[in-house]
Protein chains: 2
Amino acid sequence: MFSKSCEYAIKATIYIAVQSNEGNRVGLKDIAREIASPEAFTAKILQQLSKCRIINSVKGPNGGFQIDKSEMARIKLSQIVLAMDGDSIFKGCGLGFKECSEKKPCPVHDKFKLVRNELRRMLENTSIYDLSMDLTKGLTFLQR
Amino acid sequence: MFSKSCEYAIKATIYIAVQSNEGNRVGLKDIAREIASPEAFTAKILQQLSKCRIINSVKGPNGGFQIDKSEMARIKLSQIVLAMDGDSIFKGCGLGFKECSEKKPCPVHDKFKLVRNELRRMLENTSIYDLSMDLTKGLTFLQR
DNA sequence: ATCAGGGATGTTTTCAAAGTCATGTGAGTA
DNA sequence: TACTCACATGACTTTGAAAACATCCCTGAT
């Protein structure tokens with residue numbers, strides 16, 4: 001469904017959100033350990049998220065990553081997916097056709113549209129804030 | 001969403017269905033040309049479909065692939081996906097966790113369940129017969 | 001100004017999916 | 001029986017995402 005990068009990105013963003021809510025700035029090592037991801041690879045993903053203004057990075061001693069509390073509710077899952085995997089999951093044809101449209105639909109075009117719209121709706125309506133709250137409350141988990 | 005193999009498998013099955021409806025048995029070359037897929041790779045996919053009883057193969061001169069008319073309505077998209085990609089798309093966790101369940105859900109578990117159920121419903125309710133009919137009627141296309 | 005902590009960036013390496021090639025096997029035909 | 005057509009099978013190669021490695025650069029503290 002999503003690329004590995006995107007999966008890590010979602011996990012990392014949620015973890016950073018949880019920590020930011022408690023006023024903590026977190027470093028790469030922390031994040032990689034907490035979401036069980038390869039450190040070097042995670043670094044790249046965090047840089048990408050940082051470029052896309054989804055998270056903030058601070059260099060130097062006591063540096064790390066954080067998310068502004070004021071922005072947390074604004075950040076939706078869809079933004080992370082878009083930043084990591086592009087819009088292929090929203091626009092791409094179910095059978096991989098480059099040109100698949102209402103005018104010239106592939107055999108599963110209409111059927112997939114329904115599912116994709118449901119997916120899009122879900123991603124656009126799910127905020128990182130909500131996900132981080134569930135995690136803080138112990139309703140969900142970031143391991144296993 | 002699906003592997004390349006699965007995309008080809010769906011396209012191939014639909015094409016074979018269309019031809020079978022007109023009483024034609026089709027060969028590998030025909031299929032590969034029609035769905036614009038690499039021939040050798042397509043051969044493997046057809047063999048897999050054949051093993052899973054989704055299509056029938058006939059060896060020798062005037063051999064080829066076909067689908068029994070009587071079975072065509074019974075074959076659903078879900079069977080092809082299952083044969084090619086396994087059940088990961090139905091069961092797999094949105095964040096890639098090996099153990100993700102109601103008991104120990106990942107942060108997006110519930111949200112994904114809705115989307116996945118919609119996908120499953122769609123795949124289980126879409127028959128190859130219906131898709132082949134749309135193609136025959138010129139409502140859908142297998143190229144581009 | 002220097003030093004160390006920690007993020008940023010470019011280059012390899014690894015591995016599974018995608019795709020190719022060579023050869024085997026069964027079926028129809030003469 | 002011999003030949004040929006077309007599917008079957010397994011080993012091999014290629015490609016690109018995932019992951020690892022090495023190095024650079026910015027920042028705060030002393």
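Any value given below was found using the heavy atoms of this structure, including those in side chains, with hydrogens, waters and symmetry copies removed.
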Practice problem: Starting at atom CZ of B/Phe41, determine the distance to atom P of C/dC21, rounded to an integer number of angstrom. | Solution: 14 Å
Quiz prompt | Within 6.0 angstrom of B/Arg53 CZ, more than 12 heavy atoms from elsewhere | solution = no
Quiz item: Which whole-number value in Å describes the distance from B/Asp85 CG to C/dA17 C1'?
Solution: 11 Å
Practice problem: Go through A/Glu7 and B/Phe97 one step at a time and tell me if the side-chain contact (heavy atoms from CB on, under 4.5 Å) criterion holds. | Solution: CA-CA 10 Å; A/Glu7 289 178 6; B/Phe97 287 117; over 6 Å; no
Self-check item: Nucleotide C/dG7, atom P - distance to CG of A/Leu49 in whole Å
Solution: 14 Å
Exercise. Show your working on salt bridge (Lys or Arg N to Asp or Glu O under 4.0 Å) between B/Arg121 and A/Glu118 and close with a plain yes or no.
Key: CA-CA 13 Å; B/Arg121 194 196 54 73; A/Glu118 180 67 17; over 6 Å; no
Self-check item: B/Tyr8 side-chain N/O to C/dG19 phosphate OP1/OP2 under 4.0 Å
Solution: yes
Side-chain atoms of residues 24-44 of chain B: list all donor-acceptor pairs with protein atoms under 3.5 Å, sequence neighbours left out, distances to 0.1 Å.
residue	atom	partner	partner atom	Å
B/Asn24	ND2	B/Gln19	OE1	3.0
B/Arg25	NE	B/Gln66	OE1	2.6
B/Arg25	NH1	B/Asn62	O	3.0
B/Arg25	NH2	B/Gln66	OE1	3.2
B/Lys29	NZ	B/Glu39	OE2	3.4
B/Asp30	OD1	B/Arg33	NH2	2.8
B/Ser37	OG	B/Thr42	OG1	2.6
B/Thr42	OG1	B/Pro38	O	2.5

Quiz item: Taking the six-membered ring where the residue is Trp, are the ring centres of A/Tyr15 and A/Phe65 under 6.0 Å apart?
Solution: no
Quiz prompt | Of A/Pro61 and A/Phe2, the one whose closest DNA chain D nucleotide lies more 5' | solution = A/Phe2
Quiz item: In this structure, are over 12 heavy atoms from other groups packed under 6.0 Å from B/Lys51 atom NZ?
Solution: no
Quiz item: Roughly, in whole Å, what's the span from NZ in B/Lys4 to C1' in C/dA16?
Solution: 16 Å
Exercise. For A/Lys29 and D/dA20, give me the distance from atom NZ to atom C1', rounded to whole Å.
Key: 14 Å
Quiz item: Can you check the B/Ile55 CD1 to D/dA6 C1' distance for me, whole Å?
Solution: 14 Å
Self-check item: Atom-pair distance (CG on B/Leu28; C1' on D/dT9), nearest Å
Solution: 14 Å
Quiz item: Which nucleotides of nucleotides 8-14 of chain C have their base under 4.0 Å from a protein heavy atom (B), which only their sugar-phosphate (S), and which neither (-), written as one string 5' to 3'?
Solution: BBBB---
Quiz prompt | d(CD1, B/Ile45; C1', C/dG19) in whole Å | solution = 10 Å
